[in-house]
Amino acid sequence: MELDNRGLLPPEPMVRIMAAIENLPAGEALHVLMDRRPLPLYAILEQRGFKVETSEGENGGGVQLTITRF
């Protein structure tokens, strides 16, 4: 599943991510494109049982998050 959060102002990216992961099955991943790293979101996701991997986008195009329920 993929979610494009580029160009959105806070808190909309976090709201969209939280809605998208609500029914994410264990072992499945959500791929999210972002303009910047959502630092406050990392701890929230970890507390709720998710693993987050962050990679830099191509040509300075923001970041990609891979959020997996474990």
Side-chain angles (χ1 to χ4, degrees):
M1 189 158 126
E2 190 166 300
L3 186 61
D4 189 346
N5 280 343
R6 294 174 291 182
L8 300 175
L9 296 175
E12 189 64 23
M14 183 183 291
V15 170
R16 292 182 71 196
I17 289 171
M18 298 308 289
I21 63 169
E22 192 170 305
N23 295 312
L24 191 68
E28 293 291 318
L30 171 66
H31 302 281
V32 185
L33 300 173
M34 304 280 293
D35 292 321
R36 62 189 93 45
R37 293 175 185 263
L39 298 178
L41 184 60
Y42 292 120
I44 294 168
L45 291 172
E46 186 176 310
Q47 289 172 352
R48 294 183 182 204
F50 294 89
K51 176 183 171 189
V52 182
E53 295 178 5
T54 306
S55 59
E56 297 298 322
E58 296 178 13
N59 301 321
V63 296
Q64 178 175 333
L65 306 179
T66 300
I67 302 170
T68 308
R69 182 185 300 269
F70 55 96

Under 3.5 Å, which donor-acceptor pairs do the side chains of residues 8-24 form with other protein atoms, sequence neighbours left out?
residue: R16; atom: NH1; partner: D4; partner atom: O; Å: 3.1
residue: R16; atom: NH1; partner: N5; partner atom: OD1; Å: 3.1

For residues 35-48, which side-chain donor-acceptor pairs fall under 3.5 Å, sequence neighbours excluded?
residue: D35; atom: OD2; partner: G7; partner atom: N; Å: 2.6
residue: R37; atom: NH2; partner: E56; partner atom: OE2; Å: 2.6
residue: Y42; atom: OH; partner: T54; partner atom: OG1; Å: 2.8

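Under the salt bridge (Lys or Arg N to Asp or Glu O under 4.0 Å) criterion, E53 pairs with K51, sequence neighbours left out.
Distance check, rounded to the nearest 0.5 Å: CD of E28 to CZ of R69 gives 10.5 Å.
Under a 4.5 Å side-chain heavy-atom criterion applied to ILVMFWY residues, the cluster that includes F70 comprises that residue alone.
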For L33 and L3, run side-chain contact (heavy atoms from CB on, under 4.5 Å): C-alpha distance rounded to whole Å, both residues' side-chain angles, the deciding distance at 0.1 Å, then the answer.
CA-CA 6 Å; L33 300 173; L3 186 61; over 6 Å; no

side-chain contact (heavy atoms from CB on, under 4.5 Å) between H31 and Q64: does it pass, once the steps are laid out?
CA-CA 7 Å; H31 302 281; Q64 178 175 333; 3.4 Å; yes

